[in-house]
Amino acid sequence: MTFSGALTLSDLNDFITPSQACIKPVEVEVAADEPGAAATQINIDSVGNYYEVPAKDAQRPARKLKTAKISLNDCLACSGCITSAESVLITMQSHEEVLSFLSNNPPPGSPEHRIPVLSISPQSLASLSASISSTSAQPVSMRAILRRVQAFCRQALGFSHAFDTTFARHLALLEQYREFKEWKEETSTRDKNKFPMLASACPGWICYAEKTHAEMLPFISKTKSPQQIMGLLVKEWMGKLWNQTPAEIYHVTVMPCYDKKLEASRLDFYNDVYKTRHVDCVITTGELDLLMQEKGWDLSVKVSGEDAPDLANTIDGIPFPELVFHAGTSSGSYLHSIISFITTYQENQGNTVRLNSKIIRSSDYEEFTLEDTVTGGVIFKGAKCYGFRNLQNVVRKVGKESGVHGLPGGAVRARARKTPAEGQGRSSQDKTHDFIEVMACPSGCVNGGGQIRPSSTRKVLEEVQLDPEGYPRQSSNITGGDDDNNTSLVQSSANWGDKNWIKRVETSYWTSKNEGIDPTVRMTLLRVLHDICLPLESQPYSEIDIDNTFWMRKLDSKAESRRSEFFRTSYRKVESEVVGLAVKW
Ligand code: SF4
């Protein structure tokens with residue numbers, strides 16, 4: 001199907017033309033009485049309702065047709081994104097499933113008892129915070145929301161532990177920088193055009209690459225997402241400290257989108273030995289909200305000590321850090337963490353650098369260059385790219401820059417490949433991208449499809465202003481009052497992508513920022529790395545000389561392989577089961 005040249009699509013940021021395989025064939029319910037003759041015809045009335053009208057029998061009434069709805073399963077299972085077995089696993093991931101597990105879980109002490117653990121993403125906390133703040137006299141911080149969610153999980157549902165996933169994200173960012181350094185070293189000797197590296201935390205985007213542009217898979221970082229690292233921390237690391245096998249723990253995550261259910265269902269995230277997944281059940285922020293409503297839990301009610309920054313969770317005496325924040329973006333700060341590592345490295349070398357940024361068309365596509373202030377040479381070039389429309393531009397960009405056949409622009413580039421000289425002195429136009437933070441949702445994870453939608457009239461900030469370090473400026477002027485300045489009235493809207501509502505969630509996200517990474521975070525992450533990589537034959541943790549460079553250090557081959565198994569994954573091309581030419585219209 002093509003659109004008329006006179007027809008323009010506007011105000012869309014997430015639109016992909018459906019493929020032939022996405023069109024559902026019309027079901028003909030009335031048999032034709034002669035070969036080749038149409039038995040019914042479809043009429044459309046002035047308001048867009050569809051009617052099936054018998055072509056021959058004028059006495060039979062027209063029948064109003066139901067609007068077709070495409071569910072997650074239709075979409076994911078259409079041409080092989082996932083197998084039907086995996087689609088069953090996805091349907092099993094719901095809040096009803098959590099309730100069913102909890103009510104059937106034998107009491108602690110029974111051989112069949114599994115320890116229920118819940119981990120919630122920071123974007124989900126921001127969504128809940130924005131939702132509660134919109135009806136409160138005072139903004140409710142993410143820390144307070146985390147405490148209330150923890151109280152709900154423990155008191156109303158019987159969970160043993162409830163964490164947030166920001167510490168897992170911290171590990172993901174460290175590991176991703178390590179991978180980026182390896183990638184840089186490898187490609188500088190192999191092929192200078194094999195850039196950029198693309199971020200990997202968004203399953204929506206990974207699914208798209210696996211299905212439509214497998215040529216791009218080698219460019220995607222193999223570092224696991226925070227959800228999957230959290231899965232391993234809970235089932236493997238905490239499990240050992242609790243003296244439990246992975247199968248004896250039931251792990252639920254709360255995420256901003258449905259795509260995370262698909263991610264948790266991937267075969268790579270299944271423990272064959274213990275026959276268990278790293279994350280047993282993923283529910284969205286909206287589903288958690290539903291769960292609270294069903295249990296009669298009012299999230300707007302304070303719980304004791306909710307603003308205290310003390311660490312609520314310890315694992316066998318080891319504090320488990322919470323709300324570890326990273327300057328940059330609310331979708332994970334993948335790009336900014338690399339920029340920050342490179343800046344520190346350059347400064348340690350005695351160089352001074354300057355970060356420039358440029359928004360191209362919308363804030364969903366922004367380019368960053370790190371320049372040497374003395375030579376003016378570009379040390380690093382990266383971009384933040386959100387939403388499928390921008391994502392398709394990135395595919396073209398990668399094709400052009402890399403010269404990879406099969407990607408748009410790749411063949412042209414391969415023929416006329418003129419590699420600019422590596423290193424200092426190149427202009428930002430010459431320099432190919434080093435890294436792109438890619439996210440499938442316009443505005444990123446705060447706008448995930450599973451987040452809470454606005455439900456009442458409210459006032460919101462006009463703009464979230466970022467300071468030079470990437471943090472939003474003072475957010476104290478966000479209130480629900482009627483007389484505040486800098487606010488605008490927003491009518492209730494259940495639409496995905498409501499820009500004013502996204503700004504509010506974004507602002508909530510940054511209200512609980514921590515200043516820097518505190519020593520507790522550093523100590524726990526080194527302990528985790530030690531336990532994962534050097535668990536058996538090495539000295540006890542207390543006797544090992546672990547310093548702050550430990551994460552970047554190359555370990556021996558056994559330790560490296562354990563580390564890689566824990567933190568890295570792989571992707572595969574998805575073969576479509578639909579042969580385009582065989583589809584009948
Ligand atoms: Fe999920 Fe959207 Fe975030 Fe991707 S960008 S991880 S699809 S919420």
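Remember, it's a predicted structure, so these values are computed and weren't measured experimentally. Heads up: numbering here begins at 1 and tracks the sequence. Start at 1 and go down the list; that is how both ligands and their atoms are numbered.
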Residues in salt bridge (Lys or Arg N to Asp or Glu O under 4.0 Å) contact with Glu236, at least two apart in sequence or another chain: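 Testing Glu236 for salt bridge (Lys or Arg N to Asp or Glu O under 4.0 Å), a comparison that skips the adjacent residues, returns none.
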Is any side-chain heavy atom of Met216 closer than 4.5 Å to one of Val395?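 Yes, at least one pair of side-chain atoms sits under 4.5 Å.
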Does the distance from a Lys or Arg side-chain N to an Asp or Glu carboxylate O, for Glu366 and Lys384, drop under 4.0 Å?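 Salt bridge present between Glu366 and Lys384.
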Short N-O contact, Glu182 and Arg568, less than 4.0 angstrom: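 Salt bridge: yes.
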Check the angle between the aromatic planes of His161 and Phe163 and answer parallel, tilted or perpendicular using the 30° and 60° thresholds.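 Parallel: the ring planes of His161 and Phe163 meet at under 30°.
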Just say parallel, tilted or perpendicular for the rings of Tyr177 and Phe341, cut-offs at 30° and 60°.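 Ring orientation of Tyr177 relative to Phe341: parallel.
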Taking 2.8 Å as the distance threshold, tell me the number of protein N/O/S atoms next to atom 4 (Fe) of ligand 1.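 Count of protein N, O, S atoms less than 2.8 Å from atom 4 (Fe) of ligand 1: 1.
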